[in-house]
Amino acid sequence: MRGDALRRAARRALGAASRAPGAARRAAGALRAAVAPVLCCGLALAGLGAWSAGGHAARPSRVTVSEGTVYRPPLDARTTAAFFRIDNTGPAGDTLDAVSSPATGPAALTRTVLADHAGTMRMGEPVRVPAHGSVRMTAYGQDVMVSLRRIPRLGEHLPFTLHFRYAGDISAEAVVVRPGGGAAN
């Protein structure tokens with residue numbers, strides 16, 4: 001409706017400009033030049049409003065982290081692996097970019113891939129968490145390699161922060177277990 005009113009005003013101004021000398025013609029030309037961008041902006045704003053009202057704008061990921069475990073390293077080694085389950089119930093995917101912990105030294109995302117019938121570790125690969133999906137880290141796939149400052153006790157809980165691209169930082173705990181086992185005893 002607003003667009004029709006603008007068009008009628010532009011036609012009136014153009015009609016008056018064709019009968020008037022100099023300044024009126026310039027004013028009508030300026031009005032004619034302004035009508036198209038104003039109409040385009042109005043249409044774009046109406047379209048964005050309808051898209052947003054339809055629930056399509058700003059649909060974030062909703063990420064939770066659970067089932068954290070850390071292998072107690074054998075023979076007092078200082079490097080081990082941590083594993084988490086990551087669930088995303090949101091309509092948008094997310095990416096785990098890094099992991100840190102005040103209880104450990106450096107932590108790095110790693111992925112074990114099969115190459116030439118042997119496992120090969122790739123460092124620093126981000127973990128993609130699909131919309132309405134989950135990722136379960138394992139010793140044979142995605143995990144977090146950590147350098148321990150001290151050897152933790154079986155059953156001890158270590159704090160971690162998982163840094164997601166869109167969901168931000170999420171705190172989680174990982175219980176220390178025997179390698180290959182889920183129990184802390």
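Because only heavy atoms are used, hydrogens play no part in the values below, and waters and symmetry mates are left out as well, while side chains stay in.
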Subject >> Contact summary for P60 and P91, nearest pair of heavy atoms >> reply: O-CD, 3.3 Å
Original post:
So, N88 side chain and H132 main chain: donor-acceptor pair closer than 3.5 Å or not?
Top reply: no
Original post:
Tell me, do V70 and F160 make a side-chain contact under 4.5 Å, heavy atoms counted?
Top reply: yes
Original post:
What's the shortest heavy-atom distance between G155 and V175, and which atoms?
Top reply: O-CG2, 3.6 Å
Original post:
Atom CZ in R128, atom CG in L96: separation rounded to 0.5 Å?
Top reply: 11.0 Å
**OP:** Starting at CE of M145, measure out to OG1 of T79 and round the result to the nearest 0.5 Å.
**Re:** 7.0 Å
Original post:
What salt bridge (Lys or Arg N to Asp or Glu O under 4.0 Å) pairs are there with at least one residue in residues 133-150, not counting sequence neighbours?
Top reply: E67-R136, R150-E156
Original post:
Would you say V144 and I151 are hydrophobically clustered, going by side-chain heavy atoms of ILVMFWY under 4.5 Å?
Top reply: no
Subject >> Exam field: side chain S61 to backbone G90, donor-acceptor pair closer than 3.5 Å >> reply: no
Subject >> Heavy-atom side-chain contact between F164 and V65 under 4.5 Å >> reply: yes
Original post:
Any side-chain heavy atom of T64 sitting closer than 4.5 Å to one from T89?
Top reply: no
Subject >> Worked verdict on I170 versus V63 for side-chain contact (heavy atoms from CB on, under 4.5 Å) >> reply: CA-CA 8 Å; I170 297 179; V63 175; 3.7 Å; yes
Subject >> Contact check, side chains of S171 and P159, non-hydrogen atoms, under 4.5 Å >> reply: no
Original post:
What about F84 and Y166, same hydrophobic cluster or not, with Ile/Leu/Val/Met/Phe/Trp/Tyr joined at side-chain heavy-atom distances under 4.5 Å?
Top reply: no
**OP:** Taking the side chain as every heavy atom from C-beta outward, state whether Y140 and T112 have any atom pair closer than 4.5 Å.
**Re:** no
Subject >> Point-to-point distance, once rounded to the nearest 0.5 Å, from CD of E125 to CG of L109 >> reply: 9.5 Å
**OP:** Work out which heavy atom in A172 is nearest to a heavy atom in L162; give both atom names and the distance.
**Re:** CB-CD1, 4.1 Å
Subject >> Residues V129, T95; criterion side-chain contact (heavy atoms from CB on, under 4.5 Å); working and verdict >> reply: CA-CA 6 Å; V129 185; T95 303; over 6 Å; no
Original post:
Nearest 0.5 Å, what's the CE-CZ distance between M137 and R85?
Top reply: 12.5 Å
Original post:
Any side-chain heavy atom of Y71 within less than 4.5 Å of one from V177?
Top reply: yes
Subject >> salt bridge (Lys or Arg N to Asp or Glu O under 4.0 Å) contacts touching residues 160-173 (sequence neighbours left out) >> reply: D97-R165
Original post:
Hey, does V99 have a side-chain heavy atom less than 4.5 Å from the side chain of T161?
Top reply: no
